[in-house]
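Computed over heavy atoms, backbone and side chain alike; hydrogens, waters and symmetry mates excluded. Residues: numbered from 1 along the sequence shown. Whatever order the structure lists ligands and atoms in, that order sets their numbers, starting from 1.
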Amino acid sequence: MIEQAYIWQNGLFVEKEKAVTSVMTHALHYGTAVFEGIRAYKTVKGTAILKLKEHMQRFNYSMCALGMSSPYSIEEMCQAVIDTVRKNTYDACYIRPLAYYGEGGVGVLPKEDHPIEVIIACLPMGRYLTADSVDVLVSKYIRIHPDSTICDAKIAGHYVNSMLATMERRGTHYHEVLLLDVNGNVTEGAAQNIFIVKNNEIITTPLGTILNGITRRLVIQIARESGYTVHERYFKVNDIINAEEAFFSGTAAEIAPIRSVNDQKVGGTGEIGIVTTHIKKCFKEITQGLVESDALTYLTETVRLEHN
Ligand SMILES: Cc1ncc(COP(=O)(O)O)c(C=O)c1O
């Protein structure tokens, strides 16, 4: 337990209890915030942040999607994340950068000069999905439609969709929910992307209706480097049940094997398969710093982006 938690708030460290915001904050009324979820791992070479640059690039993309011009460069935001983890003295944690339209009138359209607030918090997080293999419920809610919003931006308002879907599993034995698109294709979990394994090939939902998951990209890279063929194509719930294996990927969930969907066991048995086990092992080796990888940024590093 750390004694005092600090929030990075608009460039300054503030004690968590003093990091407050107005009840007239635009984002509180209209969901106009964007955020990231990042993990710092305790590795054999010290604390390191997984895919920091990619997360801050997506953060910037999400801000642009809402018409926010970031007061900070991507490099500055990367450094601020590192500084926040250091300041809070965690050796492993979950990091939550958040940018939002602050107080500036009650109209839906933010003003041209609407204040933009940026904060970074970090908190301890163990396993997000605690079951070794998860039982999944298909939600009655469809995933937000790509023609209704910019659905690959990580916009706070989108998470009402995830939250309502997740509420359906309250009080049930299900560990997670799965959302379909308007055509009945599988999109993703409430906060994870999904993969299935069929005939030793790996299939994941293509970009379009899903969040462009950073763990998803890492899984695709690991799988291809391990010699597996990865297809990005649509599939249905029945394809999961008839697959040999299925798993979720996400920053919080990491690699989470799926045992069943709507109480139907994946591959007939619901057992964790060879491919999932392999991907999980490779992911763990990366996050523990056991293999050479550019996926980690150590707290002692300075982040530089490659500009063309
Ligand atoms: C809706 C949704 N899909 C997928 C993911 C996984 O994305 P990532 O691997 O970048 O954490 C998340 C997590 O942020 C999410 O909220």
| field | Intermediate values then yes/no, side chain to side chain contact (heavy atoms under 4.5 Å, CB included), Thr84 and Phe13 | value | CA-CA 8 Å; Thr84 309; Phe13 284 112; 3.7 Å; yes

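- Minimum interatomic distance between Ala156 and Phe35 (heavy atoms only, all atoms of both residues): CA-CE2, 3.9 Å.
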For residues 15-27, please give each side-chain donor-acceptor pair under 3.5 Å, one per line with the distance, not counting sequence neighbours.
unit_1 : atom_1 : unit_2 : atom_2 : d
Glu15  : OE1    : Lys18  : NZ     : 3.3
Glu17  : OE1    : Gln4   : NE2    : 3.0
Thr21  : OG1    : Thr25  : OG1    : 3.4
Thr21  : OG1    : Tyr100 : OH     : 2.8
Ser22  : OG     : Met24  : N      : 2.8
Ser22  : OG     : Glu103 : OE1    : 2.9
Thr25  : OG1    : Ser22  : O      : 2.5
His26  : ND1    : Thr32  : OG1    : 2.8
His26  : NE2    : Gly107 : O      : 3.1
His26  : NE2    : Val108 : O      : 2.8

Would you mind listing each N/O atom of ligand 1 next to any protein N/O under 3.5 Å, plus the distance?
unit_1   : atom_1 : unit_2 : atom_2 : d
ligand 1 : 3 (N)  : Glu188 : OE1    : 2.7
ligand 1 : 9 (O)  : Ile214 : N      : 3.3
ligand 1 : 9 (O)  : Thr215 : N      : 2.9
ligand 1 : 9 (O)  : Thr215 : OG1    : 2.6
ligand 1 : 10 (O) : Arg58  : NH1    : 2.8
ligand 1 : 10 (O) : Arg58  : NH2    : 3.0
ligand 1 : 10 (O) : Ile214 : N      : 2.8
ligand 1 : 11 (O) : Thr251 : N      : 2.9
ligand 1 : 11 (O) : Thr251 : OG1    : 2.6
ligand 1 : 14 (O) : Lys154 : NZ     : 2.7
ligand 1 : 16 (O) : Lys154 : NZ     : 3.2
ligand 1 : 16 (O) : Tyr159 : OH     : 2.5

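- The salt bridge (Lys or Arg N to Asp or Glu O under 4.0 Å) pairs that include a residue from residues 185-207 are Arg143-Glu188, where partners are two or more places apart or lie in different chains.
- Salt-bridge formation is detected for the pair Lys281/Glu285: a Lys NZ or Arg NE/NH1/NH2 atom is positioned less than 4.0 Å from an Asp or Glu carboxylate oxygen.
- Partners of Tyr41 under the ring pair (Phe, Tyr, Trp, His ring centres under 6.0 Å) rule, at least two apart in sequence or in another chain, do not exist in this structure.
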